[in-house]
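Report on the structure given below.
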Amino acid sequence: MSAQEYITWKINKALVLCYFLEKYGEQISIEDQHVIELGAGTGLASIVASLMGAKVTATDLTELLGNLQYNVYRNTKLKCKHVPQVNVLNWGSELEEKFPKSSLCFDYILAADVVYNHPYLEELLATFDHLCQNHTTIFWAMKFRKENTIIENNFFAKFQKMFDMEVVYDLPTLNIKLYKAIRRCKINGYFTE
């Protein structure tokens, strides 16, 4: 998949996430909160969160960082309360080096269509686990595809062992759902039910 195809493919899910942020941003108190977006693509959700006053870190793969950085800075320059950051994040790789647990303070994690048929789902799960603290809330837009049902179900089963989740927005005509997830308590290294 080319970078252009990847960007086009992610836009619909990012729009759902942006709509939710715009509609409920005040209720979830996103202003002045620390937000990280995983697999930001064009940076649309990061841009919206920045314009709403959040302290944003937009992340994606190295090869997508130039476009992401351009979009974020072009659309937020001199318009935001906090200057957004753009960083490389390869899921599951160098997490402690780039985002040390001792200094993590993300209140929200945003993700649009990060679960599909790719070989990095375990790494994505490890990244969610690493970046989340007990107070962190995940907002994750997901498009369901018939061809990925088994992959999606396996990921959901693993994800739900670590996080309590609920559907906060549903667009059945597009097969897109927006989830809210919060880390389950961990006791002696194990997640509680």
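Below, each value reflects all heavy atoms present in this structure, side chains not excepted, and no hydrogens, waters or symmetry copies.
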Contact between [X] and [Y] at the side-chain level, heavy atoms closer than 4.5 Å - yes or no?
{"X": "M162", "Y": "L125", "value": "yes"}
{"X": "V35", "Y": "E37", "value": "no"}
{"X": "M142", "Y": "F155", "value": "no"}
{"X": "M52", "Y": "E31", "value": "no"}
{"X": "R183", "Y": "T136", "value": "no"}
{"X": "K143", "Y": "V16", "value": "no"}
{"X": "I138", "Y": "M165", "value": "no"}
{"X": "Y179", "Y": "F159", "value": "no"}

For this session: Let me see the working for K98 and V88 under side chain to side chain contact (heavy atoms under 4.5 Å, CB included), right down to the final yes or no.
Result: CA-CA 9 Å; K98 292 185 178 189; V88 172; 3.8 Å; yes
Exercise. Between E122 (side chain) and Y120 (backbone), is there a donor-acceptor pair under 3.5 Å?
Worked result: no
For this session: Report yes or no: does Q133 contribute a side-chain atom to a donor-acceptor pair with the main-chain N or O of L104 at less than 3.5 Å?
Result: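 Confirmed, Q133 side chain pairs with L104 backbone.
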Problem set entry | Y108: which of L21, I28, V56 passes side chain to side chain contact (heavy atoms under 4.5 Å, CB included) | I28
Problem set entry | F163/W140 aromatic ring centres below 6.0 Å |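 That pair fails the under 6.0 Å test.
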Exercise. Which pairs, with at least one residue in residues 57-87 and sequence neighbours excluded, count as a ring-ring contact (aromatic ring centres under 6.0 Å, His included)?
Worked result: none
Problem set entry | Selection residues 14-57 - residue pairs positive for ring-ring contact (aromatic ring centres under 6.0 Å, His included), sequence neighbours left out | Y19-Y169, F20-Y24, F20-F139
Provide the closest heavy-atom pair for [X] versus [Y] in the form atom of the first, atom of the second, distance.
{"X": "P84", "Y": "T76", "result": "CG-OG1, 3.4 Å"}
{"X": "A111", "Y": "F128", "result": "CB-CZ, 4.2 Å"}
{"X": "L68", "Y": "G43", "result": "CD1-CA, 3.3 Å"}
{"X": "L178", "Y": "A141", "result": "CD1-N, 3.6 Å"}

Just how far is it from atom [atom1] of [X] to atom [atom2] of [Y], taken to the nearest 0.5 Å?
{"X": "K158", "Y": "L124", "atom1": "NZ", "atom2": "CG", "value": "11.5 Å"}
{"X": "L131", "Y": "L38", "atom1": "CG", "atom2": "CG", "value": "6.0 Å"}
{"X": "I30", "Y": "L110", "atom1": "CD1", "atom2": "CG", "value": "6.0 Å"}
{"X": "Q160", "Y": "D164", "atom1": "CD", "atom2": "CG", "value": "9.0 Å"}
{"X": "T127", "Y": "L121", "atom1": "OG1", "atom2": "CG", "value": "11.0 Å"}
{"X": "I109", "Y": "T57", "atom1": "CD1", "atom2": "OG1", "value": "11.0 Å"}

Exercise. Given I182 and N134, is the side chain to side chain contact (heavy atoms under 4.5 Å, CB included) satisfied, shown in steps?
Worked result: CA-CA 7 Å; I182 299 172; N134 289 337; over 6 Å; no
Exercise. Would T137 and D107 satisfy side chain to side chain contact (heavy atoms under 4.5 Å, CB included), going step by step from the backbone distance to the final call?
Worked result: CA-CA 6 Å; T137 301; D107 301 294; over 6 Å; no
Same hydrophobic cluster for [X] and [Y], using side-chain heavy-atom links shorter than 4.5 Å among ILVMFWY?
{"X": "L89", "Y": "V114", "result": "yes"}
{"X": "I176", "Y": "V48", "result": "yes"}
{"X": "L17", "Y": "L51", "result": "no"}

Look at atom [atom1] of [X] and say whether more than 12 heavy atoms of other residues, nucleotides or ligands are closer to it than 6.0 Å.
{"X": "F99", "atom1": "CZ", "answer": "yes"}
{"X": "K77", "atom1": "NZ", "answer": "no"}
{"X": "E96", "atom1": "CD", "answer": "yes"}

